[in-house]
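Taking it in order: structure first as structure tokens, then the write-up.
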Amino acid sequence: MSAAPILLVMGVSGSGTTTVAEILATSLDCEFQEGDALHPPANVAKMRAGVALDDADRWPWLEQIAARIDEWRKQGRGGIVTCSALKRAYRDAVIGQSGDVRLVYLKGSHELIRARMAKRRDHYMPLALLDSQFAALQEPTPDEHAVVVGIDATPDEIAARILAAL
């Protein structure tokens, strides 16, 4: 891995992307960008109302994430960004074809993630949208060279597994 890693930590809502990515950013001494913070207000309002985003909603958000990654690339800096990145097309648009961004997929069962989301408070993504996330999910394929880690452990243990795989 280069001295300035860039990682895209993906998974459906409730898979722990934010928590794990923050641990990774600290461990790797990299910047952290919460991808959800880049959503336009209209997207957040739509999700808060229980309406799933469609591709037209997601593209401006994905462009913001790609721009953040490009900033890090230009500056020669490392960074960790979270993004559900549910579809291959989304990952291709965000990561590009240069191969300098590692994809990390936090994989969990529908049941485990549903239980986690049911315990969350003050998050705009309602439990009702979990099914739409799994319906849209296209898991990374071998040619994406993703680090795939199960989420059936503590966030620190998950981060340690990722670091070992890098």
Side-chain angles (χ1 to χ4, degrees), residues 1-39 53 55 58-59 61-117 120 123 125 129-130 132-166:
M1 186 168 55
S2 72
I6 299 176
L7 304 178
L8 173 67
V9 180
M10 66 160 289
V12 299
S13 183
S15 62
T17 56
T18 299
T19 303
V20 171
E22 287 175 329
I23 294 167
L24 291 171
T26 299
S27 297
L28 295 169
D29 194 27
C30 291
E31 289 188 45
F32 168 69
Q33 174 64 61
E34 169 57 63
D36 285 346
L38 299 175
H39 268 299
L53 300 180
D55 283 352
R58 286 189 182 104
W59 283 116
W61 171 61
L62 295 167
E63 289 169 359
Q64 290 296 312
I65 293 170
R68 186 69 176 120
I69 289 171
D70 286 343
E71 284 176 31
W72 289 332
R73 284 176 167 145
K74 288 175 190 167
Q75 298 167 354
R77 297 167 69 175
I80 314 292
V81 62
T82 61
C83 175
S84 54
L86 299 174
K87 294 182 181 180
R88 171 70 183 256
Y90 302 164
R91 297 188 294 272
D92 288 346
V94 170
I95 293 174
Q97 300 301 317
S98 69
D100 62 340
V101 178
R102 290 295 308 268
L103 180 63
V104 176
Y105 171 41
L106 301 185
K107 182 176 180 169
S109 70
H110 190 280
E111 296 76 23
L112 175 59
I113 294 172
R114 177 175 288 285
R116 286 183 178 183
M117 286 182 71
R120 290 199 308 196
H123 193 279
M125 178 66 109
L129 292 181
L130 181 60
S132 70
Q133 291 244 311
F134 272 100
L137 177 63
Q138 297 170 349
E139 291 189 342
T141 57
D143 65 307
E144 292 180 87
H145 308 288
V147 174
V148 180
V149 180
I151 61 167
D152 57 345
T154 68
D156 287 323
E157 291 168 335
I158 295 167
R161 291 176 188 170
I162 294 165
L163 292 168
L166 295 174

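Since the model is a prediction, treat every value here as computed from it, not as a measurement. What's counted below: heavy atoms across the whole structure, side chains too, no hydrogens, waters or symmetry copies. Just so you know, residue 1 is the first one in the sequence shown, and it goes up from there.
- How far CG of D92 is from NZ of K87: 13.0 Å, rounded to the nearest 0.5 Å.
- In this structure, L24 CG and R102 CZ are separated by 12.0 Å, a value rounded to the nearest 0.5 Å.
- L106 and I151 get closest at one heavy-atom pair: CB-CG2, 3.6 Å.
- Looking at residues two or more places apart in sequence or on another chain, you find no side chain to side chain contact (heavy atoms under 4.5 Å, CB included) involving A66.
- By the 4.5 Å heavy-atom criterion applied to side chains, L7 and L28 are counted as neighbours.
- A 4.5 Å side-chain heavy-atom check between F32 and T82 finds at least one atom pair inside the cut-off.
- Shown here are the ring pair (Phe, Tyr, Trp, His ring centres under 6.0 Å) partners of W72, two or more places apart in sequence or in another chain: there are none.
- In this structure R58 satisfies the salt bridge (Lys or Arg N to Asp or Glu O under 4.0 Å) test with no other residue, sequence neighbours excluded.
- Shown here for I65 and C83, the closest heavy-atom pair between the two residues is CD1-SG, 3.6 Å.
- Legend: side chain to side chain donor-acceptor pair (under 3.5 Å) pairs involving residues 18-30, not counting sequence neighbours, sorted by first then second residue: T18-E34.
- Counting only residues at least two apart or in different chains, salt bridge (charged side-chain N to carboxylate O under 4.0 Å, His left out) contacts with residues 155-164 comprise D152-R161.
- Remark: S109 OG to F134 CZ distance equals 7.0 Å, nearest 0.5 Å.
- The side-chain heavy atoms of D143 and R88, taken from C-beta on, include a pair separated by under 4.5 Å.
- Note on residues 75-85: pairs passing salt bridge (charged side-chain N to carboxylate O under 4.0 Å, His left out), not counting sequence neighbours, are E31-R77.
- With Q133 contributing its side chain and V12 its backbone, the two residues share no donor-acceptor pair below 3.5 Å.
- Sequence neighbours left out, not one pair with a member in residues 143-162 passes ring-ring contact (aromatic ring centres under 6.0 Å, His included).
- Qualifying salt bridge (Lys or Arg N to Asp or Glu O under 4.0 Å) partners for E139, counting only residues two or more places apart in sequence or in other chains: K107.
- Counting heavy atoms from C-beta outward, I162 and I23 have side chains that stay 4.5 Å or more apart.
- Nearest heavy atom pair, residue A153 against residue I158, reads O-CD1, 3.5 Å.
- E71 has no carboxylate O lying under 4.0 Å from a charged side-chain N of K74, or vice versa, which leaves the two without a salt bridge.
- Nearest heavy-atom pair across I6 and R73 is CD1-CG, 3.8 Å.
- Nearest approach of I80 to C30, heavy atoms of both residues: CG1-CB, 4.2 Å.
- Smallest separation of non-hydrogen atoms from W61 and D36: CZ2-OD1, 4.0 Å.
- Between the CG atom in L103 and the CE atom in M10 there is a gap of 6.0 Å [rounded to 0.5 Å].
- Listed by first then second residue, pairs satisfying ring-ring contact (aromatic ring centres under 6.0 Å, His included) with a partner in residues 76-107 read W59-Y90, not counting sequence neighbours.
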